[in-house]
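These notes are about the structure you will find just below.
Heavy-atom basis, side chains included; hydrogens, waters and symmetry copies ignored. Just so you know, ligand 1 is whichever comes first in the structure, and atom 1 is the first atom listed for that ligand. Positions are given from 1, in the same order as the sequence printed here.
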Amino acid sequence: MTKLIGIYGASGFGREVMPVARAQHPSGTRLVFIDDNAGNGDRQHSGHAILSWDDFTREATGRDAAVAVAIAASQVRERLTERCAAAGISICSISASNIVIGDNIVIGEGAILQPFAMLTADCRIGRGFHANIYSYVAHDCVIGDFVTFAPRVMCNGNVHIEDHAYIGTGAVLRQGTPEKPLVIGAGATVGMGA
Ligand code: UDP
C-alpha cells in the first residue's frame, strides 16, 4: 500500500508546505491535509483531501503513515505532535530541495525547512522547528523545541533560542560569542523587523 503523509493544518502555512512535501515525496505517496475544522469548509485543496483527525487515523491504520505539523502556533504544534505520538503515528520532517545544511547540524524530529532556508554550521536544533522561507541559522546556535522562524529571519552565530520562541518576519538576531551567547528566552516573541 502507498505511504500516507498528513500535513496537519490546511490554512496558510499548511498550504505553503504542501508543494514542498509533494516535491520531496515520490508520486506514489498519498499526501493529504489534516484539519480539525475539516467539516466546516473545503474537502480538498489543490487536489489533496482535507481529512479530519479521525478520518486520517482510520486511513493510517495498518499503513506506513506519518504527519508533519504545519501550524505556526507552537503550543498547538506541540499538542498535535503529542496527539500523533499517542496514536502511534510518527512525525516526519519536510525539507525544500534547495535548503543549505552545513556541517554538524543536529536537528530534532518534525522540522519544516521551507525554500531557501539555511543552517550553516555546528547547530543543535530541537523538535518541531519551523524555518520559513529565506530564514537562516548561522554557526554555533542552539535552538530549543517548537521554535518558529517567520520568513527571512536572520539568526547570526552563537545565539541560543529557548523553547516555543517565535521570531517575526525579517528580524535580525545579533551574533553572540561562545562565552556569551545572545539568549532569546522561552516563549519570547521577537517582533517583525526587529
Ligand atoms: N488547527 C487544527 N487543530 C488545532 C488547531 C488548529 O486543525 O488544534 C488548524 C486550523 O483549523 C487551521 C490551521 O490549523 O486550519 C491553523 O491555521 P492558521 O491560519 O491559524 O495558522 P497558520 O497556517 O499560519 O499556521
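Nearest heavy-atom pair across Ala138 and Cys123 is O-SG, 3.0 Å. Here the closest non-hydrogen pair linking His164 and Val147 is N-CG2, 4.0 Å.
Considering NE2 of His130 and CD of Gln114, their distance stands at 8.5 Å, rounded to 0.5 Å. The distance from atom CG of Asp145 to atom OG1 of Thr81, rounded to the nearest 0.5 Å, is 10.0 Å. To the nearest 0.5 angstrom, Tyr136 atom OH is 10.0 Å from Phe149 atom CZ.
Short contacts between ligand 1 and Gly12, defined as distances under 4.0 Å to a heavy atom of the residue, involve ligand atoms 23 (O). Using a 4.0 Å cut-off to heavy atoms of Asn37, the atoms of ligand 1 that qualify are 10 (C), 11 (O). Which parts of ligand 1 touch Asp36 is read off a 4.0 Å heavy-atom cut-off, strictly below it: atoms 2 (C), 3 (N), 4 (C), 7 (O), 8 (O). Within ligand 1, the atoms closer than 4.0 Å to a non-hydrogen atom of Ala72 are 25 (O), numbered from 1 in the order shown. The distance from ligand 1 to the heavy atoms of Tyr8 drops below 4.0 Å at these ligand atoms: 7 (O).
Around atom CZ of Arg174, no more than 12 heavy atoms belonging to other residues, nucleotides or ligands sit under 6.0 Å away.
Polar contact check, Leu80 against ligand 1: no nitrogen or oxygen pair lies under 3.5 Å apart. Not a single N or O atom of Ile34, backbone or side chain, sits closer than 3.5 Å to an N or O atom of ligand 1. Residue Gly14 has no nitrogen or oxygen atom sitting less than 3.5 Å from a nitrogen or oxygen atom of ligand 1, judged on distance alone.
Protein heavy atom nearest atom 23 (O) of ligand 1, with residue, atom name and distance: Phe13 N, 2.9 Å. In terms of protein heavy-atom proximity, atom 17 (O) of ligand 1 is closest to Ser11 CB, 3.0 Å. Annotation: atom 1 (N) of ligand 1 to nearest protein heavy atom, Ile71 CD1, 3.8 Å. Among all non-hydrogen protein atoms, the one lying nearest atom 5 (C) of ligand 1 is Val76 CG1, 3.5 Å.
Using a 4.0 angstrom heavy-atom cutoff, Arg79 counts as in contact with ligand 1. Assignment of Trp53 to the shell around ligand 1 is not supported, since no heavy atom sits closer than 4.0 Å.
Test His48, Arg43, Gln44 against Phe33 for side chain to side chain contact (heavy atoms under 4.5 Å, CB included) and you get one pass: His48.
If you look at Asp35 next to ligand 1, the close heavy atoms, those under 4.0 Å, come from the backbone and the side chain alike.
The protein does not reach atom 20 (O) of ligand 1 closely, with no heavy atom under 4.0 angstrom from it.
Residues His160 and Ile184 have side chains not in contact (no heavy-atom distance under 4.5 Å, counting atoms from C-beta outward).
No donor-acceptor contact under 3.5 angstrom links the side chains of Ser46 and Arg15, judged on distance only.
Note: Tyr8 and Trp53 have parallel aromatic rings, judged against thresholds of 30 and 60 degrees for the angle between ring planes.
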